[in-house]
Amino acid sequence: MTNILCIGAGYVGGPTMAVIAKHCPQYRVVVVDISEEKIAAWQSDQLPIYEPGLKEIIFSLRGKNLLFSTEVDRYISESDIIFVSVNTPTKTFGQGAGKAADLQFWEKTARQILKNSTSPKIVVEKSTLPVRTAEAMERILNSNDKGLFFDVVSNPEFLAEGTAIRDMENPDRVLVGGRETPSGQKAIQAIADIYAHWMPRERIITMNLWSSELSKLTANAFLAQRISSINAIANLCERTGADVTEVAHAVGTDNRIGPHFLQASIGFGGSCFKKDILNLVYLCECYGLGEVATYWEQVVKMNEFQKANFVSRMVTAMFNSVAGKRIALFGIAFKANTSDTRESPSIDVCRALLEEHAQVVITDPYALDNARIILGDVADQVIFEPDPYVAAQEAHAIAILTEWPQFAELDYKTIHESMIQPTFIFDGRNILDTKKLYKIGFNVYALGRPPQTHFHN
Ligand code: NAD
Ligand code: UGA
C-alpha cells in the first residue's frame, strides 16, 4: 500500500486529500496539522471549512483510507509521498516585509520531514511558493548524513474556494514539475499516476520544476489582472453612462479574450491573489526587473482603489455622511459558497464604514463566525445578524458585498418597507434586478453602472 501524507489540513490540504482518497482506495491518505483544534474539527461533524460536496466525501471515507491526525512525526516516518500544503503568507517583518512569501512554516516542515524519515520519500510542493523554492527544499532535505535521498516535486493547486471539490474532480489541468534526472522523472510519474486514477493523462502536464512553480504565480496574477482590468473600466462606466456588465459581455464574447473573470466587483479578495502577486513583484525586484515589478504591482493597487472607491461612492450618495446611520452589509465572505473571510474586500468596506461612524450590521449565511474573528479589534462595534431581513430593518442602506445567490432572491419589497427613507442599495456584485428595485422605491447604485435615483437633480 502506498502511504500518502499531507502536512497542512487547511483549505487546500483537506479537500485535495479527500478527493485523492476517494479515487485511490488502495492508498492510505493521512492529513496532519499542528492545530489540534483544526484536526478535532476535521474529525467531527462540524468540518473546519464550508465547501459544497466536501462533507459527503469526508463522512464516507474518514476512518477508512482517510485519516486526520496531529501526529505529524509518526505519519512522516510511515509515508512514501508527502504533500506539503502549509500556509505561505506574506512576510510581515525583516527583508521583503509586505511582499515576500514567509517561508518559515515551509522550512520548518522540511526539517521535520528530514528528522523523522528513515526511508527515501517524494516531497511534493502543494503550497504556492516563489520560483526556485524547491532548490532550498532539496538542499535542506538532501544534506543529511542518513544516506537518504528525497525527490522534490512541484504540484501546485489551482482549485478555487467554493468550487474546490468540483475543481479537484475535473480540473482544466494538473501540473507536475520535477528534475530531469531519472529519479526526478520517476517521482513525476508517481505523482501523475495518482491523478490518472480519475482524469485523462493528457490533462496532466509535466515540466521542469521552475516552470511549474512559476506557472502557479503567473496563473493567479493573470486571473487577478483581469479583475483589476474590468474594475478599472467599471469606474469609467460609472462616470460615462456605460454599463460594465454590457461592456464585459461585449469584450468577453471575443474568443481571444473569453468570458471568465470579467465580473466587476468591489475588488478581489481571498488569501492568495494579493499575496501571490506581491510575491511575484518581490521576485521581479530581486532579479532587478523593476519595470516588470511595477507592472504587476499595479494590479494590487487598482484593487485597493476599488474597495476605497466603493465606500466613497456610498458616502457621497448618502449626502456625504453615513455617521450614525445603520448600514446592512450583505455578505462578508470573500466570495460566494465559502465561509472564508481572509482578505475579503467586505472586511475593508466594513472597516472604512466604521471609520465614517456608520452603524454596521453584517449578514452572511456561513461566514459570520470567521468575520467576528477577523474583525478583531472592531468586532464589538458591529452587529452580526444571520437573517438579512432583520439586518435591513431600520437601515438607511444595503450594500451587496458577496454574490451569494440567496441575496438575489430576497423579498426586497418587504425589506424596503422596513427601512428608513430614502432607501439606498449599493450592489457591489451586480447580482440584483436593479430596475425592479428602483420601481420598489430604492435609490440604486450598481457597480460600474449609472445610478438610478428618485432624486431630482
Ligand atoms: P490554510 O491556512 O488554510 O492551511 C494551512 C495549514 O497548515 C494550517 O492549518 C496550519 O496550521 C498548517 N501548518 C502550518 N505549519 C505546519 C506544520 N509545521 N506542520 C503541520 N501543519 C502546519 O492555508 P490554505 O488556504 O490551505 O493554503 C495552503 C497553501 O496552498 C498556500 O501556499 C496557498 O497559497 C496555497 N493555495 C491555496 C488555495 C486556496 O484556495 N486557499 C488554492 C491554491 C493554493
Ligand atoms: C483563486 C484562483 O481562482 C484559483 O485558481 C487558485 O487556486 C486560488 O486563487 C489560490 O491560489 O488560492 P479563490 O481565491 O478561491 O481562487 O477564488 P476566485 O474565484 O478566484 O475569486 C477570487 C476573488 O476574485 C473573489 O473575491 C471573487 O469574488 C473575485 N472575483 C472573481 C471578481 O471580483 N470577479 C470575477 O470575475 C472573478
Side-chain angles (χ1 to χ4, degrees), residues 5-17 31-39 41-42 48-49 51 69-73 75-76 82-90 101-113 125-130 133 155-164 167-168 171-172 216-217 219-224 226-231 234 244 248 252 259-277 279 303 306-307 331 333-338 340-346 401-404 428-430 447:
L5 175 68
C6 177
I7 303 182
Y11 284 88
V12 169
T16 54
M17 293 304 126
V31 190
V32 290
D33 204 290
I34 38 173
S35 162
E36 286 181 12
E37 201 188 337
K38 205 170 267 186
I39 291 299
W42 280 113
I49 61 175
E51 197 61 63
S69 173
T70 50
E71 290 183 81
V72 184
D73 293 351
Y75 286 109
I76 286 176
I82 303 180
F83 286 84
V84 184
S85 171
V86 299
N87 36 329
T88 51
T90 302
D102 184 347
L103 297 178
Q104 60 172 309
F105 306 108
W106 181 257
E107 189 172 329
K108 222 179 254 172
T109 314
R111 292 180 193 284
Q112 208 169 358
I113 292 173
E125 294 180 339
K126 197 56 157 163
S127 303
T128 303
L129 296 158
T133 301
N155 170 224
E157 184 48 58
F158 294 97
L159 66 77
E161 288 177 32
T163 53
D167 295 342
M168 266 299 282
D172 290 346
K216 173 62 195 175
L217 290 182
N220 272 3
F222 271 50
L223 290 170
R226 282 175 71 99
I227 302 169
S228 277
S229 296
I230 198 66
N231 282 345
V244 75
H260 303 293
F261 271 67
L262 289 180
Q263 181 70 46
S265 66
I266 54 169
F268 58 75
S271 64
C272 294
F273 278 173
K274 184 175 170 188
K275 95 168 159 63
D276 291 347
I277 296 176
N279 185 353
N303 200 49
Q306 188 67 1
K307 292 181 272 188
F334 82 96
K335 62 186 276 195
N337 294 316
T338 178
D340 195 352
T341 52
R342 292 179 295 177
E343 294 290 339
S344 175
S346 321
L401 303 185
T402 310
E403 72 283 19
W404 287 104
R429 297 287 187 165
N430 286 329
L447 196 126

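These numbers come from a predicted model, not from an experiment. Atoms within each ligand, like the ligands themselves, are counted from 1 in listed order.
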Counting from 1, what ligand 1 atoms have a heavy atom of Glu161 closer than 4.0 Å?
39 (C), 40 (O), 41 (N)

Is Glu107 touching ligand 1 with its side chain, its backbone, both, or neither, if touching means heavy atoms under 4.0 Å apart?
neither

What protein heavy atom is closest to atom 31 (C) of ligand 1, reported as residue, atom name and distance in Å?
Thr88 OG1, 3.5 Å

Nearest-contact summary for atom 34 (O) of ligand 1 - protein heavy atom, Å
Lys275 NZ, 2.6 Å

Distance from atom 43 (C) of ligand 1 to nearest protein heavy atom, with residue and atom:
Glu157 O, 3.2 Å

Please state which part of Leu159 comes within less than 4.0 Å of ligand 2, counting heavy atoms only: side chain, backbone, both or neither.
backbone

Is ligand 2 less than 4.0 angstrom away from at least one heavy atom of His260?
no

If you have a sec, work out which protein heavy atom is nearest atom 14 (C) of ligand 1 and how many Å separate them, to one decimal?
Asn87 OD1, 3.3 Å

With a cutoff of 4.0 Å, is Gly270 in contact with ligand 2, counting heavy atoms of the residue only?
no

A student checking ligand 1 against Leu159 at a 4.0 Å heavy-atom cut-off should list atoms 40 (O), 42 (C)

Do me a favour and list the nearest non-hydrogen protein atom to atom 9 (O) of ligand 1 with residue, atom name and distance?
Asp33 OD2, 2.6 Å

Give the contacting part of Arg429 toward ligand 2: side chain, backbone, both or neither, where contact means a heavy-atom distance below 4.0 Å.
side chain

For the pair Glu125 and Lys216, find out whether any cationic side-chain nitrogen is under 4.0 Å from an anionic carboxylate oxygen.
no

Looking only at protein heavy atoms, which one is nearest to atom 35 (C) of ligand 1, and what is the separation?
Thr128 OG1, 3.5 Å

heavy-atom search around atom 21 (N) of ligand 1 in the protein gives Ile34 N, 3.4 Å

Which heavy atom of the protein is the closest neighbour of atom 5 (O) of ligand 2, given with residue, atom name and distance?
Phe158 O, 2.7 Å

Residue-level breakdown please: for Cys272 versus ligand 1, do any non-hydrogen atoms fall below 4.0 Å on the side chain, on the backbone, on both, or on neither?
side chain

Could you tell me the residue and atom name of the protein heavy atom closest to atom 4 (O) of ligand 1, and the distance to it rounded to 0.1 Å?
Gly10 CA, 3.2 Å

Indicate, as side chain, backbone, both or neither, the part of Leu262 found under 4.0 angstrom from ligand 2 when only non-hydrogen atoms are considered.
backbone

Residue-ligand contact Arg226/ligand 2, heavy atom below 4.0 Å
no

Would you mind checking which non-hydrogen protein atom is closest to atom 19 (O) of ligand 2, with the distance to 0.1 Å?
Lys335 NZ, 2.8 Å

Examine Ala160 against ligand 2 and note whether any of their N/O atoms are separated by less than 3.5 Å.
no

Can you tell which part of Val86 has a heavy atom less than 4.0 Å from ligand 1: side chain, backbone, both or neither?
both

